[in-house]
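Ligands are counted one by one from 1 in listed order, and the atoms in each one are counted from 1 as well.
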Amino acid sequence: MSGIAERLGAIRAGLPERVTLVAVSKTQPPEAVREAYAAGQRHFGENYAQEWRAKADALADLPELVWHFIGGLQTNKVKYLAGRVGYVHTLDRLELARELSRRFAARGASVRVLLEVNVAGEAAKAGCAPAEVGALADAVRGLPALELRGLMCIPPAEGDPRPHFAALRRMNEALGLPDLSMGMSGDYLAAVAEGATLVRVGTAIFGARAPRAG
Ligand SMILES: *Cc1c(COP(=O)(O)O)cnc(C)c1O
């Protein structure tokens, strides 16, 4: 027994009802997703377009599975996602927003999006600057196939994440948006305390990830 169902149960028991648990299945085989699905999990997060596609094909028989794309997204990969993912958490630039809207509209579909914010202004991190969020949100609201749901962040690896979670919540409130994607295995309870509605949890459900090949 792998323990996935047990760990899912323990995590869910600690989450308020308003919070959706996104099980981050990157690097995990389709069988692990299947096992979580059998235990009632429906929302799954993936980071790499190529890996996700293969997994989505292998799991196409699971009718209620909702994919969340939570990785860095190149504009030329958007076409693979169109009509197949329910959420994109990592929208951080207008060019990507336009391509998402164009590709999903072409499939007669729409997608829920969150704007990724580089809350601490880290040079090596994706996400738009806090000062640019308002303008990007306005632009996204004008695109037909995108449903703007909220903001997302990955706080710095070092230090207390809570001030960053709180800052993101204030930005989200100022924009009047319903969802906040924040919190991972190590800090999801802190994120929930600061108002997260989507938590992205991988290793605490599936166990440690093998190093990524390629
Ligand atoms: C990998 C990843 C997660 C999950 O991380 P864990 O520490 O395994 O819970 C969450 N969010 C993003 C954006 C990730 O890349």
Contact atoms of ligand 1, heavy-atom distance to [X] under 4.0 Å:
X      : answer
Lys26  : 1 (C), 2 (C), 3 (C), 14 (C), 15 (O)
Val201 : 9 (O)
Ile154 : 13 (C)
Ser185 : 6 (P), 7 (O), 8 (O), 9 (O)
Gly202 : 4 (C), 6 (P), 8 (O), 9 (O)
Asn47  : 14 (C), 15 (O)
Arg200 : 4 (C), 9 (O), 10 (C), 11 (N), 12 (C), 13 (C)

If you look at every heavy atom in [X] and [Y], which pair is closest and at what distance?
X      : Y      : answer
Gly83  : Phe104 : N-CE2, 3.2 Å
Ser185 : Val201 : OG-CG1, 3.5 Å
Lys125 : Pro155 : NZ-O, 3.2 Å

- Message: I'd like to know if Glu31 pairs up with Arg34 as an ion pair, taking the criterion as any Lys NZ or Arg NE/NH1/NH2 lying under 4.0 Å from an Asp or Glu carboxylate oxygen.
- Response: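 Not counted as a salt bridge, because no side-chain N and carboxylate O are separated by less than 4.0 Å.
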
Under a 4.0 Å threshold between the charged nitrogen and the carboxylate oxygen, would Glu194 count as salt-bridged to Arg162?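 Salt bridge: yes.
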
Is the backbone N or O of Gly150 less than 3.5 Å from a side-chain atom of Asn172, with the two atoms forming a donor-acceptor pair by type?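 Not a single qualifying donor-acceptor pair exists.
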
So, taking the atom named CG in Leu136 and the one named CG in Leu94, what distance separates them when rounded to the nearest 0.5 Å?
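Reported value, rounded in 0.5 Å steps: 6.5 Å.
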
Exercise for review: Calculate, to the nearest 0.5 Å, the distance between atoms NE2 and CG belonging to His43 and Leu198 respectively.
Suggested key: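 Separation between the atoms: 8.0 Å.
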
Exercise for the section: With heavy atoms only and a cut-off of under 4.0 Å, state how Thr90 meets ligand 1: side chain, backbone, both or neither. Expected result: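 The answer is neither.
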
Review point. Ligand 1 and Met152, any nitrogen or oxygen pair closer than 3.5 angstrom?
Key: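 Among all N and O atoms of Met152, none is under 3.5 Å from an N or O of ligand 1.
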
Check your understanding: Does some non-hydrogen atom of His89 fall short of 4.0 Å from ligand 1?
Key ->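 Heavy atoms of His89 never come under 4.0 Å of ligand 1.
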
Quick one: nearest non-hydrogen protein atom to atom 5 (O) of ligand 1, plus distance?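 The answer is Met184 CE, 3.5 Å.
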
Between the candidates Val199, Ile205, Thr203, Ile70, which shows the shortest non-hydrogen contact distance to atom 13 (C) of ligand 1?
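Residue with the shortest heavy-atom distance to the ligand atom: Ile70.
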
